[in-house]
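The chains referred to below are lettered A, B, ... by the order of the sequence lines, with proteins before strands, and numbering in each begins at 1.
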Amino acid sequence: MAVKTHTFQAPKGTRDFYPQDLAVRKYIESVWRKTAISHGFDEIDGPTFEHLELYTTKSGPGIVSELFSFKRDKGATDYALRPEFTPTLARMYAAQAGSLPKPTKWFSIGPYFRAERPQRGRLREHIQLNVDIIGDDSPAAEAELITTAIELLTRLSFTSDQIQFKISHRDIPKFFFLGRGAQENQLEILFDLTDRYHKISKDELHNRGNDLGISNTLLDSIDEMILQCRTEDGTKTILDEARNSGFDPTNFGALLEHYLDSPGTRDWFCVDPSIVRGLAYYTGTVFEIHETTGKERAIAGGGRYDKLVELFDGPPTAACGFAMGDVVLRLVLEDHGLLKPSEQYLPSPDVFVINVRDEESQINFMPLVSSLRSAGLHVRHSYKSTRNVGKLLSEANKARAKFAVILGKELDEGKIVIKDLQGGSQEDVAEDTLLETLQARLANREGG
RNA sequence: GCGGCUGUAGCUCAGUUGGUUAGAGCACCUGGUUGUGGUCCAGGGGGUCGAGGGUUCGAAUCCCUUCAGCCGCCCCA
């Protein structure tokens, strides 16, 4: 028995979406979708599982322990539930690269999976938005991603006081460290230490660094870089130093000083060379979206990955994109009180039909409901046997209906009652004008 | 894979130093006999107190194990 009870629970790290939960999710997804479409992106999707090699090709065999992977019974092929979309995207683009326009702008919304233990902001299944621009190597592409993300966050009611984009370019820390005497083969370690600078103590940083053969001088330069980046002048100093060591600032400078230099967007981002992103495939600009208190995990992350399409047998193709998950986003929305009570995201019925006549008159009831539904209205009615109008109106109200339609004694004179459940007013209308009256009242509500 | 905290009704929680048939609010259902809601009144269903074992005359309460959840570590898309 004990075994059974857990068998019938949702698996660890997954969520059941009851109507109210799903309504909130649909709200977030609709903001994602509408914003992406209005910025000219076409929606795509791929399979929710892929060949395991798609992921090991890109990330190496170490990733397998973090995936849900499986074989068919007696089968030889390894599959994995998709942990991210980018490999699928690169594969899909590579397969039809010759016939796709430049740039190709795609987005997708769907579930992704990881096999790690769940914790705050990280579940085993989450919904993620991916927005990508393929075939444009100019900073205009990154700028378009960032302005799309800003618009999306604005539509969710966030302000630049609450959310910040931290933008960098991988060449900045690269040439900064090279200028401080690092070897090429030490860069990966230095990026890694930089990435986790905020999570570990200074002692730990030095211990780990020393174990990996990084000099204290270089480790101190990580510290210096991150501290400098807290001020605008300090950031300039770091940029200058990287430039003196070989960093070509043309594109990055154009992104910041030309493409993102409009009044609406300037407040949303800051340059932060300590952002390097863990993923190996990024080749240029990288950015993360954080809420400003630092309490939650990153809301989104992205960057430029110019080598990935050719890794999947496509032509050399520039590309960049970002991904945003629903779990952290929802937490941050809640932290800032930006979500309404969840039932308010459910669709509200146009009409709740109440029948208080005797049995014989019931025959008119369902045909009426059907005809209103045929006209496109969202119509509900009670399944209770009571004729108590008070109770039925209460039910109509709980169902969030806009209007109640009451079939009662007025029907003897061919009249039906329409009651506005928000304002409380009601009127008798002729039976044959019910639909048009309702439609007029509903249109009126939409407008007002 | 490792560590900390927590498991009493669908939800939020009470349950005195272990003591009779385990409680409240919300939610749900039914009534308040013939027509006006976001108030009220009365009733009802629903829990083997996460599960298993142990101590005891007696366990929701003490001990062990296990499962699950949350939070963190590892890892990070």
Side-chain angles (χ1 to χ4, degrees), chain A residues 1-16 18 20 54-55 58-60 62-67 80-89 111-126 128-130 192 195-196 199-200 204 208 276-282 286 288 295 297-298 300-303 305 308 321-325 327-328 331 342-343 352 354-358 382-411 417-426 428:
Chain A
M1 277 325 239
V3 177
K4 260 191 174 173
T5 54
H6 109 260
T7 303
F8 292 129
Q9 287 184 335
K12 186 196 295 292
T14 64
R15 293 168 289 175
D16 290 330
Y18 289 93
Q20 296 188 1
L54 187 73
Y55 303 114
K58 199 205 79 186
S59 307
I63 197 174
V64 175
S65 65
E66 295 158 16
L67 299 176
L81 294 178
R82 61 182 180 185
E84 58 163 329
F85 188 61
T86 309
T88 300
L89 175 95
Y112 296 85
F113 309 87
R114 55 165 72 95
E116 292 146 354
R117 279 190 81 145
Q119 50 195 295
R120 185 175 176 87
R122 296 190 82 189
L123 300 176
R124 287 184 162 185
E125 181 181 20
H126 67 129
Q128 198 176 68
L129 165 73
N130 279 262
D192 186 55
D195 192 38
R196 63 185 72 224
K199 295 177 189 166
I200 61 180
E204 204 176 343
R208 289 203 197 196
V276 295
R277 306 284 296 149
L279 273 171
Y281 61 66
Y282 287 116
V286 286
E288 290 181 358
K295 180 183 156 201
R297 294 163 183 283
Y305 49 94
L308 203 58
F322 75 90
M324 178 181 294
V327 179
V328 176
L331 289 172
S342 56
E343 66 271 12
F352 194 96
I354 291 171
N355 181 34
V356 289
R357 305 206 88 208
D358 52 29
S382 181
Y383 291 86
K384 297 186 206 299
S385 57
T386 180
R387 301 270 163 70
N388 184 324
V389 176
K391 279 209 175 12
L392 293 170
L393 280 170
S394 171
E395 190 182 346
N397 187 60
K398 258 181 223 157
R400 307 167 313 281
K402 300 185 182 89
F403 291 92
V405 162
I406 304 170
L407 306 183
K409 60 176 189 269
E410 298 83 354
L411 215 46
V417 180
I418 298 177
K419 184 178 176 85
D420 181 335
L421 287 169
Q422 198 172 38
S425 63
Q426 64 183 57
D428 293 1

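Base-pair partner of B/U55: not found among the strands shown (Watson-Crick or G-U wobble, both distances under 3.5 Å). In this structure, B/C73 forms a base pair with B/G1, meeting either the Watson-Crick or the G-U wobble geometry with both donor-acceptor distances under 3.5 Å. With a 3.5 Å ceiling on both atom-pair distances, B/U20 lacks any Watson-Crick or G-U wobble partner. Shown here, B/C26 forms a base pair with B/G10; the pair counts as Watson-Crick or G-U wobble because both key distances fall under 3.5 Å.
Comparing the P positions of B/U8 and B/G69 gives an interatomic distance of 14 Å, to the nearest angstrom. The gap from the P atom of B/G25 to that of B/U21 amounts to 23 Å, rounded to the nearest Å. To the nearest whole angstrom, the two P atoms, one in B/G19 and one in B/C62, are 11 Å apart. Rounded to whole Å, the separation between the P atoms of B/C41 and B/A27 comes to 12 Å. Going from the C1' atom of B/C57 to that of B/U66 covers 29 Å, rounded to whole Å. Between the C1' atoms of B/U61 and B/A22, the separation comes to 12 Å (whole Å). Spacing between B/U17 and B/G53 at atom P, rounded to whole Å, works out to 28 Å. The separation of B/C74 from B/A9, taken at their C1' atoms, amounts to 38 Å, rounded to a whole angstrom.
Nucleic acid contact class of A/Gln426 (heavy atoms, under 4.0 Å, all strands): base. If you check every strand for non-hydrogen atoms under 4.0 Å, A/Gly408 touches a base. Contacts of A/Leu392 with the nucleic acid, taken as non-hydrogen atoms under 4.0 Å apart, are absent. In this structure, A/Gly424 reaches the bases: a heavy-atom distance under 4.0 Å links it to at least one base atom across the strands shown. Nucleic acid contact for A/Lys391: base, since at least one base atom lies under 4.0 Å from a heavy atom of the residue.
For a distance-only test at 3.5 Å, the side chain of A/Arg122 qualifies as a donor-acceptor partner of the base of B/C76.
Straight-line distance from the OH atom of A/Tyr112 to the C1' atom of B/C76: 17 Å, rounded to whole Å. Rounded to whole angstrom, the span from the OH atom of A/Tyr55 across to the C1' atom of B/C76 amounts to 15 Å. One can place CD of A/Glu116 at 12 Å from C1' of B/G1, the figure rounded to the nearest angstrom. Between A/Glu410 atom CD and B/U36 atom P the separation is 12 Å, expressed in whole Å. Atom CD in A/Glu84 sits about 10 Å away from atom C1' in B/C76, given to the nearest Å. One interatomic measurement links the two molecules: CD1 of A/Ile354 to P of B/G37, which rounds to 11 Å at whole-angstrom precision. Here the P atom of nucleotide B/G10 and the CG atom of A/Asp16 are 15 Å apart, to the nearest Å. The separation between A/Glu343 atom CD and B/C26 atom C1' is 13 Å, rounded to whole Å.
Here A/Glu395 contributes atom CD and A/Asn388 contributes atom CG; the two are 11.5 Å apart, rounded to the nearest 0.5 Å. To the nearest 0.5 Å, the span separating CG on A/Leu81 from CZ on A/Arg114 amounts to 13.0 Å.
Where A/Ser394 and A/Tyr383 each meet RNA chain B at their nearest nucleotide, the meeting point lying more 5' is that of A/Tyr383. In terms of position along RNA chain B, the nucleotide closest to A/Pro11 lies nearer the 5' end than the nucleotide closest to the other residue of the pair A/Gln128 and A/Pro11.
Between A/Phe113 and A/Arg124, every side-chain heavy-atom pair lies at or beyond the 4.5 Å cut-off. By the 4.5 Å heavy-atom criterion applied to side chains, A/Asn130 and A/Leu89 are not counted as neighbours. Looking at A/Thr88 and A/Tyr55, their side chains come closer than 4.5 Å, going by heavy atoms from C-beta outward.
For A/Arg82 (side chain) and A/Pro111 (main-chain N/O), a donor-acceptor pair under 3.5 Å exists by modelled atom type.
The shortest distance between the side-chain N/O atoms of A/Gln119 and the OP1/OP2 oxygens of B/C73 is below 4.0 Å. At least one side-chain nitrogen or oxygen of A/Lys384 sits closer than 4.0 Å to the OP1 or OP2 atom of B/U30. Phosphate contact (OP1/OP2 of B/G38, side-chain N/O of A/Lys398, threshold under 4.0 Å): absent.
More than 12 heavy atoms of other residues, nucleotides or ligands shown are found within 6.0 angstrom of CD on A/Gln20.
Under a 4.0 Å N-O distance rule, the pair A/Arg400/A/Glu343 does not qualify as a salt bridge.
Checked against B/C70, B/C75, B/U36, the side chain of A/Pro118 finds its nearest nucleotide in B/C70. The nucleotide whose nearest atom lies closest to any side-chain atom of A/Asn397 is, among B/G38, B/C73, B/C71, B/G38. Comparing B/G69, B/U36, B/C2 by their nearest atom to the side chain of A/Arg117 picks out B/C2.
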